[in-house]
Chemist: 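I'd like to ask some things about the structure below.
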Amino acid sequence: MIHARGLARTFKTRRGPVEAVSGVDIDVERGELVGFLGPNGAGKSTTLRMLTTLIDPTAGTATVAGHDLLTEPVEVRRRIGYVGQNGGAGPDCPVGEELVLQGRFYGLTAAESAKRAGELIGDLDLTGLDDRIVGTLSGGQRRRLDIAMGLMHLPALLFLDEPSTGLDPQSRANLWGHIRGLHAERGTTLFLTTHYLDEADALCDRILVIDQGRIVAEGTPDALKRRVSGDLVVVDSTDPARTADLAGRIGSEVAVEGTVVRFRVEDGARVLPAVLRELDAAGIAMTAVEVRRPSLDDVFLTLTGRSLREDAEVPA
Ligand SMILES: Nc1ncnc2c1ncn2[C@@H]1O[C@H](COP(=O)(O)OP(=O)(O)OP(=O)(O)O)[C@@H](O)[C@H]1O
């Protein structure tokens, strides 16, 4: 569905060239749900805008939905949907009318367009909102309308740029359900950008991690997490110094913060009983013990030396 080689974009600015994307290779097969994860400014939107023909690459080649990005942009556009960060719907138009107009724009007849709008209104939980003015919708309803707009012409491939940014936790969870549904029921290939680790983890079959214009890792969420060796054991105890000594004997990367000691072990669940026994035998009282599987944030930290959370605004 997407095959890009060495795709790059440099912007000319008054302060000199900005290399937003420095030559990325991307392969997405039909039916995949792929996440493009990276901090603010990593180059996600620029890559998406190139793949959707909105801006030209300064180097590289790509085929998208079976057509060459550079020589057949109209064919590409016909076969893809794109939901940008600001959505495509005008604020003053009624919801139903906006969808029908979008369908007409893509060459559907009035009857086809109305039928399709009706189906999508149902699928995306917008029932009863046909006559509502777009500007009065809630954030979650608006994002679902944006996605419906992107699907009016039945694209085989849908690009979503930061689909849940700005939504409250409940609307995000609801949106994820709809995205999963589109993928499972319609078989739409989805390529979405996000800087939310939980979103990439919860939704995507496969993740490409981009940092400073380069892809730094690729794999399933689980495979990426396995790249960070070992689980994190967190022990809150009455004697952090002696706990840290013990941690140093059985694990690595020991860190002490107040009464909390953190360390890594190969297999947390296996090691935990021994840790508890030894602490008990040493007369150290524990107030809390936790074993954490590596998160995607640990992966990002291992790969880049920086936490993704530093850059991302995670909604409460
Ligand atoms: N039109 C432009 N002119 C100059 N620089 C740009 C332009 N568009 C993007 N950039 C720069 O290119 C880099 C990548 O930006 P891009 O928007 O692709 O990142 P992103 O990963 O999508 O970030 P965000 O999560 O904030 O949307 C940034 O340094 C950005 O400032």
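Hydrogens, waters and symmetry mates are skipped; everything else that's a heavy atom, side chains included, is used.
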Chemist: I'd like to know whether R144 forms a salt bridge (charged side-chain N to carboxylate O under 4.0 Å, His left out) with D123, so could you lay out the CA-CA distance, the side-chain angles of the two residues, the decisive distance to 0.1 Å, and finally the verdict.
Modeler: CA-CA 10 Å; R144 298 203 299 279; D123 281 4; over 6 Å; no
Chemist: Return the minimal non-hydrogen interatomic distance between G150 and V83, and the atom names on each side.
Modeler: CA-CG2, 4.2 Å
Chemist: With distance as the sole test, does T13 use its side chain to make a donor-acceptor pair with the main-chain N or O of R15 at under 3.5 Å?
Modeler: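 Looks like yes, one N/O pair under 3.5 Å.
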Chemist: Using salt bridge (charged side-chain N to carboxylate O under 4.0 Å, His left out), reason through R78 and E75 one step at a time and then give a plain yes or no.
Modeler: CA-CA 5 Å; R78 215 173 262 164; E75 294 301 319; 3.3 Å; yes
Chemist: Could you check if a side-chain atom of L190 sits within less than 4.5 angstrom of a side-chain atom of L157, using non-hydrogen atoms only?
Modeler: no
Chemist: Would you call S22 and R214 a side-chain contact if the rule is heavy atoms closer than 4.5 Å?
Modeler: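 With C-beta onward as the side chain, the pair touches.
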Chemist: Are any of the side-chain heavy atoms of L145 and L99 separated by less than 4.5 Å?
Modeler: yes
Chemist: List the steps, then state whether salt bridge (charged side-chain N to carboxylate O under 4.0 Å, His left out) holds for E119 with K115.
Modeler: CA-CA 6 Å; E119 285 167 12; K115 180 166 176 282; 3.4 Å; yes
Chemist: Could you check whether any side-chain N or O of K44 sits under 3.5 Å from a backbone N or O of I210, counting only pairs where one atom can act as donor and the other as acceptor?
Modeler: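 Not a single qualifying donor-acceptor pair exists.
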Chemist: Can you see which heavy atom on I80 is nearest to which on L51, and at what distance?
Modeler: CD1-O, 4.3 Å
Chemist: Just checking, R249 and F263: is the charged tip under 6.0 Å from the six-membered ring centre and within 45° of the axis?
Modeler: no
Chemist: Taking atom CZ of F105 as the centre, report whether more than 12 heavy atoms of other residues, nucleotides or ligands fall under 6.0 Å from it.
Modeler: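 12 or below, so no.
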Chemist: When you look at CZ of R30, are more than 12 heavy atoms from neighbouring residues, nucleotides or ligands closer to it than 6.0 Å?
Modeler: no
Chemist: Should the ring pair F191 and F36 be called parallel, tilted or perpendicular, given that the plane angle runs from 0 to 90° and is split at 30 and 60?
Modeler: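 The arrangement is tilted - the two ring planes meet at 30° to 60°.
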Chemist: Find the distance between CG (D56) and CG (L69) and round it off to the nearest 0.5 Å.
Modeler: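 Going from the CG atom of D56 to the CG atom of L69 covers 8.0 Å.
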Chemist: Does any N or O in the side chain of T259 come within less than 3.5 Å of the main-chain N or O of S237, such that one atom is a donor and the other an acceptor?
Modeler: no
Chemist: Keeping the roles fixed (side chain from R292, backbone from D231), state whether a donor-acceptor pair exists under 3.5 Å.
Modeler: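 It does not hold such a pair.
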Chemist: So, the side chain of Q141 versus the backbone of S138: is there a donor-acceptor pair under 3.5 Å, distance only?
Modeler: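 The answer is yes, because a donor-acceptor pair under 3.5 Å joins these two groups.
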Chemist: In a check of side-chain contact (heavy atoms from CB on, under 4.5 Å) between L279 and each of I284, V289, T238, which one passes?
Modeler: I284
Chemist: Is a salt bridge present between D146 and R143, judged by a nitrogen-to-oxygen distance below 4.0 Å?
Modeler: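 R143 and D146: salt-bridged.
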Chemist: With rounding to the nearest 0.5 Å, note down the distance linking OG1 in T109 to CZ in R104.
Modeler: 6.5 Å
Chemist: Step by step, work out the side chain to side chain donor-acceptor pair (under 3.5 Å) result for S171 and D168.
Modeler: CA-CA 5 Å; S171 306; D168 59 77; 2.9 Å; yes
Chemist: Please say whether more than 12 non-hydrogen atoms of neighbouring residues, nucleotides or ligands are located less than 6.0 Å from CZ in R270.
Modeler: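 Atom CZ in R270 is not crowded, with 12 or fewer foreign heavy atoms closer than 6.0 Å.
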Chemist: Are V28 and R206 close enough that some pair of their side-chain heavy atoms sits under 4.5 Å apart?
Modeler: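 Yes. Closest side-chain heavy atoms under 4.5 Å.
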Chemist: Say you draw a straight line from CZ of R293 to CG of L232; how long is it, rounded to the nearest 0.5 Å?
Modeler: 11.0 Å
Chemist: Once you round to the nearest 0.5 Å, how far does CD of E199 lie from SG of C204?
Modeler: 7.5 Å
Chemist: Are I250 and V275 packed together at the side-chain level, in the sense that at least one heavy-atom pair is separated by less than 4.5 angstrom?
Modeler: yes
Chemist: Quick check: does any side chain N or O of T189 sit under 3.5 Å from a backbone N or O of G31, one acting as donor and the other as acceptor?
Modeler: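 Yes, because the side chain of T189 sits within donor-acceptor range (under 3.5 Å) of the backbone of G31.
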Chemist: If I take atom CZ from residue R142 and atom CG from residue L126, how far apart are they, to the nearest 0.5 angstrom?
Modeler: 11.5 Å
Chemist: Whether the side chain of R49 engages the backbone of T53 through a donor-acceptor N/O pair (distance < 3.5 Å, no angle test) should be reported.
Modeler: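 No: the side chain of R49 does not pair with the backbone of T53.
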Chemist: When you measure from the side chain of T136 to the backbone N and O of I133, does any donor-acceptor pair fall under 3.5 Å?
Modeler: yes
Chemist: For the backbone of S45 and the side chain of D161, can you confirm whether one donor and one acceptor N or O come within less than 3.5 Å of each other?
Modeler: no
Chemist: Would you say the side-chain atoms of T193 pair up with the backbone N or O of E162, donor to acceptor, closer than 3.5 Å?
Modeler: yes
Chemist: Can you tell me how far the CZ atom of R79 sits from the CG atom of L154, to the nearest 0.5 Å?
Modeler: 13.0 Å
